[in-house]
Chemist: 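To start, I am sharing the structure in question, which I have written as structure tokens.
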Amino acid sequence: MIRLESSSVPTWAIAPEVGTLDQRGRTFSLVVIGDPGSRHLPAARAIAEAWTAQLAARPAGAVVHRELPAEAAVAVLTADLHRALVGHRILLTGTARDCLAVRAAVLAAGAEDDEVVIGVVDATERTVWCVHCAATTVTTAALEGETSCSGCSRRLVVHPHVSRRTGHHLGYMADAEEQPWSWPEPRA
Amino acid sequence: MAGTTGMSGSVRERLRLVVVALDDSVPGIRSLVLADAGGAPLPPFTPGSHVVLEVPAGPPGSARPRPTANAYSLTGENAHPLDYRISVLRAREGGGSAWVHDLAVGDRVTALGPRSGFAPVQRAAKHLLLGAGIGVTPLVSHLRSAVRWGRDAELVHLHRSGAGAHAADLAELAARGARVTTVTDRESFTALLDDLLRTQPFGTHLYCCGPAGFMELVTAAAARSGWPASRVHTESFGVEALDPGAPFQVAVAGRTVEVPAGTSLLEALEDAGLAVPNLCRQGVCGECRVSVTVPEGGRLVHRDLYLDDDEKRAGRCAMACVSRALPTSGAAADLEVHL
């Protein structure tokens, strides 16, 4: 049983969920995250429309609204936050996997959790980082489910931990405890 | 690692100190330099930390019939301190601050080791320090540390004309690159505040210390200017008069004790013949911490300055001197206390 209140996995990374917009923000970067043609874009655009409607009374320029793939979103948001003043908010909508990746960059650029609002449209895919070979695997496995590592082919358990720094879930070898093992040879 | 040998700042050891210097140059404010009575270095501390000074009882019939304890922010060097520096505003006659103002060089004092409750956020892009009156004291150590480590910091001090505590320290830190602004009337400060709060680079954290009215002014302006709660840090100074609260019942040691309005849990337990170790009796020192269980539907109101937010949320202990339970409708007792 995963106790989510003590886990680093946000609830929105388990099932789609739209965060509450903080009306106290003075300026906003709103990004619909997704590759062109992604089937999730229409739902993400709808969330973005709902947010912009709530911010309609803001002066021109207070809300910058963009639609970008994840890597491009990381670049523009990093640049935004470099110029921003306290009072700025970041609104992200897209898949949980994309939101986790972009959130990692936004936090690295100095944002606090209560400055980032996330609207997730789909949470079936996640990335898993292998502690053994450091490769990253995209999977639809659930938390505590298993997937095969794209780097070393080990069976990995998707541990209910998400790195705030990378947005990847932690993966470790499913049957590590049952493996034959011996003391390593002493180094010469 | 948590040390048991007494040098860790997190261990609240009792320090035997001696007054080695006094400065009364600012009216109503006394600055003291305290050193270890045996000449040893003192435990290092996080900027913004305070020590709790034990104040002995006054003579019988005086305004201070029992020992108490007051928290004072440390203003000096934090890394390898050879002395502790505090500044004390003379408040109520007969209280702890008046006792401090009567100390002489060479007098011995006892303090509980430094405790951090107002630490700088290490990842902050900039530290904005707003203090009023004697509330500048924890911010002096913040600014000192920021200058030492080359961190971006800006301090604004609001104080009455001619009553600027630590003016010399602040001037010295300004000369070493810190931005320091002094304002001597509230209107000028209010005029400056919104501008200041709306022009801070993203990543700035705000630290505010002063009288309750000042902190309300700053936190309200910060909220209005779009600051999220995570970037706003406040340190209460002095102890505000607490409201008497509603009466409640506690289950303790197999019996039920009534706590009337205006009587503290600590006093009620003492009246019932139950001993609770205590010192400051104002929610500062942590000495009267008791384990509690809050019944279903019950609520604990902490009101102390000792526990951190997580500990308060957990609701497993309380400071008997200031914490209260809200009356519940159904439960047999509003709070269980485990002595």
Side-chain angles (χ1 to χ4, degrees), chain A residues 3-8 10 19-31 51 54-55 57-59 61-64 74-92 102-118 163-166, chain B residues 118-130 142 146 149-156 179 181 192-208 216-234 308-316:
Chain A
R3 293 182 62 235
L4 279 177
E5 68 275 16
S6 58
S7 161
S8 55
T20 309
L21 200 142
D22 179 3
Q23 289 284 357
R24 291 189 310 182
R26 284 186 297 128
T27 55
F28 300 80
S29 293
L30 190 169
V31 183
W51 280 339
Q54 288 178 57
L55 298 171
R58 305 276 158 164
V63 184
V64 178
V74 166
V76 298
L77 286 169
T78 304
D80 277 5
L81 295 187
H82 197 68
R83 289 187 304 266
L85 300 174
V86 175
H88 194 67
R89 298 291 188 276
I90 301 98
L91 313 177
L92 306 176
V102 176
R103 181 187 74 149
V106 162
L107 295 177
E112 299 288 344
D113 283 322
D114 53 359
E115 290 169 322
V116 187
V117 180
I118 309 268
S163 162
R164 290 167 59 79
R165 198 175 56 78
T166 64
Chain B
F118 188 51
V121 173
Q122 298 293 345
R123 66 179 179 283
K126 178 182 169 184
H127 304 270
L128 179 62
L129 312 167
L130 304 182
H142 273 244
W149 297 103
R151 299 190 181 114
D152 192 4
E154 176 174 5
L155 182 144
V156 180
R179 269 166 296 168
T181 307
L192 177 115
L193 187 58
D194 275 359
D195 247 9
L196 196 64
L197 293 173
R198 282 161 196 252
T199 53
Q200 294 304 315
F202 193 76
T204 304
H205 278 255
L206 169 66
Y207 310 84
C208 174
E216 279 158 27
L217 175 76
V218 171
T219 51
R224 207 165 55 232
S225 300
W227 287 64
S230 61
R231 294 196 184 279
V232 181
H233 313 277
T234 58
D308 65 29
D309 289 347
D310 287 340
E311 291 169 322
K312 285 181 179 169
R313 260 194 301 275
R316 285 194 284 270

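Residue numbers start from 1 in every chain, and the chains themselves are labelled A, B, ... in the order their sequence lines are given, proteins ahead of strands. What you are looking at is a predicted structure, and each value in this text was computed from that prediction instead of being measured.
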Chemist: Please name the pair of heavy atoms, one in B/F202 and one in A/I90, separated by the smallest distance, quoted to 0.1 Å.
Modeler: CZ-CD1, 4.0 Å
Chemist: Mind listing the donor-acceptor pairs under 3.5 Å that bridge chain B and chain A?
Modeler:
from	atom 1	to	atom 2	distance (Å)
B/R123	NE	A/E112	OE2	3.3
B/R123	NH2	A/E112	OE1	2.6
B/R123	NH2	A/E112	OE2	3.0
B/Q200	O	A/V86	N	2.7
B/F202	N	A/A84	O	3.0
B/H205	NE2	A/E112	OE2	2.9
B/S225	O	A/R26	NE	2.7
B/G226	O	A/R89	NH1	2.9
B/G226	O	A/R89	NH2	2.9
B/A229	N	A/D114	OD2	3.4
B/S230	N	A/D114	OD2	2.9
B/S230	OG	A/D114	OD1	2.5
B/S230	OG	A/D114	OD2	3.1
B/R231	NE	A/E115	OE1	3.3
B/R231	NE	A/E115	OE2	2.6
B/R231	NH2	A/G110	O	2.8
B/R231	NH2	A/E115	OE1	2.7
B/R231	NH2	A/E115	OE2	3.4

Chemist: Identify which part of A/A109 has an atom lying under 4.5 Å from any heavy atom of chain B, answering side chain, backbone, both or neither.
Modeler: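 Backbone of A/A109 only, per the 4.5 Å heavy-atom cut-off to chain B.
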Chemist: Check side-chain contact (heavy atoms from CB on, under 4.5 Å) between B/A119 and all other residues, then give those that pass, not counting sequence neighbours.
Modeler: B/T46, B/S116
Chemist: So which of B/G226, B/A223, B/P201 has the biggest tally of heavy-atom pairs under 4.5 Å with chain A?
Modeler: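 Highest number of pairs under 4.5 Å: B/G226.
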Chemist: Between chain A and each of B/A229, B/A125, B/A124, B/A222, count heavy-atom pairs under 4.5 Å; write down the option with the most.
Modeler: B/A229
Chemist: Under a 4.5 Å heavy-atom cut-off, does chain A meet the side chain of B/L206, its backbone, both or neither?
Modeler: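 For B/L206, no heavy atom lies under 4.5 Å from chain A.
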